[in-house]
Amino acid sequence: MREELLGYVLGALEPEEERVVENRLEAEPELRNELETVRRLVKPLTWDDVAIEPPAALADRTCELIEERHAEEAATFPSPLLGPHWGTAEAFSFVGLAAMLPW
Amino acid sequence: MNATLSLRNVSAASNSVWSDRSDEELVAAYRERGDRPAFDELVHRYERELYSYLRRFLGNATAAEDAFQATFLQVHLKCEQFEAGRKVRPWLYTIATNQAIDLQRRGKRHKLLSLDRRDASVDDNAGTLSNLLKSKEDAPMASMESDEAQRWVRGAVAELPEQLRAAVNLIYYQGLKYREAADVLQVPVGTVKSRLHTAVLKLNEAGQAAHMS
């Protein structure tokens, strides 16, 4: 039950599980005491409740990196049969498969 | 100048088209048609959320940036494997978590110390800590200044074994449900509950030890 209380405090339970906990809390005073204990245990985590900002233009740089990677793949395997998002591994597989065919 | 502006307008219009789409639609568009704007929208949509997760998980800004980029490189390479009907968000977290763990293991950037040197087992019940639950006092670190307390708790979470750290970061800091975290970590829900419980107890034990010293 302690893990359910922890989940209840942190909002990690599904709605139906929450209802079960709430019903038991209403009926069991001892459980309400344990809930307070769980809240105290979780409190240290709240001290680091600060937003973490990503470095400038991280998403743009990531997209550029993928674009470069994609361009390298296209230059290495310029087959129109491979879609624009095919990776190197898939391209190698395709080339390997093609080599096995009786042309 | 006009050409630049019109290009920007086209780009903005294109972005607004994709911004209304669900994560699953974006992945489907990229997988099936190679739509680059769909992929870019996904990267931008998760920039803050995934970077924040990785930054806390890895405890290092440069490593978090590397892991973020590696995550989306994997999305690019593996979007064919994305199972229809699955949610994208937990899939992204699974990839990000695996990238972070790989990066950490490869680079040995983190000390391999656990908070409890005597027993680093991640799924034990930390039964020796049950006295913490009986304590009626506030957390032992409560007397710290706020900056000091923030640094302390961030460092203490970073020192947790990786499976406990993942549970804390996913559930507390990223706000996932137990079930979602279990999906991300690919373990039973009961295991996630147990890991989170152990992590919280270990943090309090570490705080008590810090307070005593």
Side-chain angles (χ1 to χ4, degrees), chain A residues 1-18 33-71 73-74 82-91 93, chain B residues 30-34 36 39-40 43-44 46-48 51-52 55-56 61 64-65 68-69 72-73 75-80 132-139 141-142 144 146 149-150 152-154 156-157 168 171-173 175-179 181 190 192-194 196-197 200-201 203-204 207:
Chain A
M1 193 59 198
R2 195 179 292 157
E3 290 165 358
E4 269 64 36
L5 287 178
L6 188 56
Y8 179 72
V9 168
L10 300 183
L13 299 180
E14 301 299 321
E16 64 272 23
E17 294 172 321
E18 258 182 28
N33 290 337
E34 192 161 348
L35 180 69
E36 289 313 307
T37 306
V38 169
R39 284 201 169 114
R40 277 198 296 275
L41 286 174
V42 166
K43 195 174 175 186
L45 290 172
T46 67
W47 299 339
D48 193 21
D49 271 348
V50 291
I52 294 179
E53 294 299 321
L58 174 62
D60 290 338
R61 281 184 282 115
T62 302
C63 293
E64 283 167 19
L65 182 82
I66 308 295
E67 187 65 46
E68 283 168 20
R69 173 72 181 244
H70 172 61
E73 289 165 7
L82 302 180
H85 52 295
W86 276 59
T88 308
E90 289 85 349
S93 304
Chain B
Y30 189 60
R31 184 182 60 217
E32 290 158 19
R33 298 186 300 277
R36 295 291 311 176
F39 183 85
D40 291 357
V43 177
H44 283 85
Y46 279 91
E47 180 184 40
R48 184 182 300 260
Y51 176 80
S52 169
R55 176 71 180 79
R56 285 186 192 279
E65 186 168 342
F68 181 88
Q69 296 193 326
F72 282 99
L73 184 58
V75 171
H76 163 71
L77 293 171
K78 295 185 172 175
C79 64
E80 299 287 338
L132 281 168
L133 284 168
K134 292 173 188 155
S135 167
K136 296 288 178 196
E137 294 185 9
D138 215 340
M141 306 75 87
M144 289 181 187
S146 61
Q150 186 201 335
W152 179 85
V153 76
R154 190 172 289 189
V157 170
V168 169
I171 293 167
Y172 183 75
Y173 291 108
L176 269 63
K177 305 276 186 197
Y178 276 147
R179 206 177 298 276
V192 172
K193 291 179 180 179
S194 164
L196 183 68
H197 182 220
V200 168
L201 292 176
L203 287 173
N204 278 267

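Lettering of chains follows the sequences in order, A, B, ..., and the numbering in each one begins at 1.
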Full working for side-chain contact (heavy atoms from CB on, under 4.5 Å) between A:Leu65 and B:Phe72 = CA-CA 10 Å; A:Leu65 182 82; B:Phe72 282 99; over 6 Å; no

query = Going through the checks in order, is the side-chain contact (heavy atoms from CB on, under 4.5 Å) test met by B:Leu201 and A:Leu41?
reply = CA-CA 7 Å; B:Leu201 292 176; A:Leu41 286 174; 4.1 Å; yes

Distance (rounded to the nearest 0.5 Å) between B:Asn204 CG and A:Arg40 CZ =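 Interatomic distance, B:Asn204 CG to A:Arg40 CZ, rounded to 0.5 Å: 10.5 Å.
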
ask   = What distance do A:Glu64 atom CD and B:Gln69 atom CD have between them, rounded to the nearest 0.5 Å?
value =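 If we round to the nearest 0.5 Å, A:Glu64:CD and B:Gln69:CD are 9.5 Å apart.
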
query = Taking all atoms of both residues into account, what is the closest heavy-atom pair of A:Cys63 and B:His44, and its distance?
reply =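 Taking A:Cys63 first and B:His44 second, the nearest heavy atoms are SG-CE1, 4.0 Å.
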
ask   = B:Tyr178 and A:Gly7: which non-hydrogen atoms are nearest, and at how many Å?
value =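 Of all heavy-atom pairs spanning B:Tyr178 and A:Gly7, the closest is OH-N, 3.1 Å.
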
Could you tell me which portion of [X] (side chain, backbone, both or neither) has an atom closer than 4.5 angstrom to a non-hydrogen atom of chain A?
{"X": "B:Val43", "answer": "both"}
{"X": "B:Leu176", "answer": "backbone"}
{"X": "B:Val168", "answer": "side chain"}

Without swapping roles, check the side chain of [X] against the backbone of [Y] for a donor-acceptor pair under 3.5 Å.
{"X": "B:Glu47", "Y": "A:Ala59", "result": "yes"}
{"X": "B:Tyr51", "Y": "A:Pro55", "result": "no"}
{"X": "B:Tyr173", "Y": "A:Leu45", "result": "yes"}

request  = Sort A:Val50 into side chain, backbone, both or neither according to what part of it lies under 4.5 angstrom from a heavy atom of chain B.
outcome  =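 Interface part for A:Val50: both.
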
ask   = Hey, mind stepping through A:Ile52 and B:Arg48 against side-chain contact (heavy atoms from CB on, under 4.5 Å) and telling me if it holds?
value = CA-CA 8 Å; A:Ile52 294 179; B:Arg48 184 182 300 260; over 6 Å; no

ask   = Between B:Arg179 and A:Glu14, is there a side-chain N and carboxylate O pair less than 4.0 Å apart?
value =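 A:Glu14 and B:Arg179: salt-bridged.
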
ask   = In terms of heavy-atom pairs under 4.5 Å with chain A, which of B:Val153, B:Ile171, B:Val192 leads?
value =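 Top option by heavy-atom pairs under 4.5 Å: B:Val153.
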
message = Could you walk me through whether A:Leu58 and B:Glu65 satisfy the side-chain contact (heavy atoms from CB on, under 4.5 Å) test, starting with their C-alpha distance in whole Å, then the side-chain angles of each, then the deciding distance to 0.1 Å, before giving a yes or no?
response = CA-CA 8 Å; A:Leu58 174 62; B:Glu65 186 168 342; 3.3 Å; yes

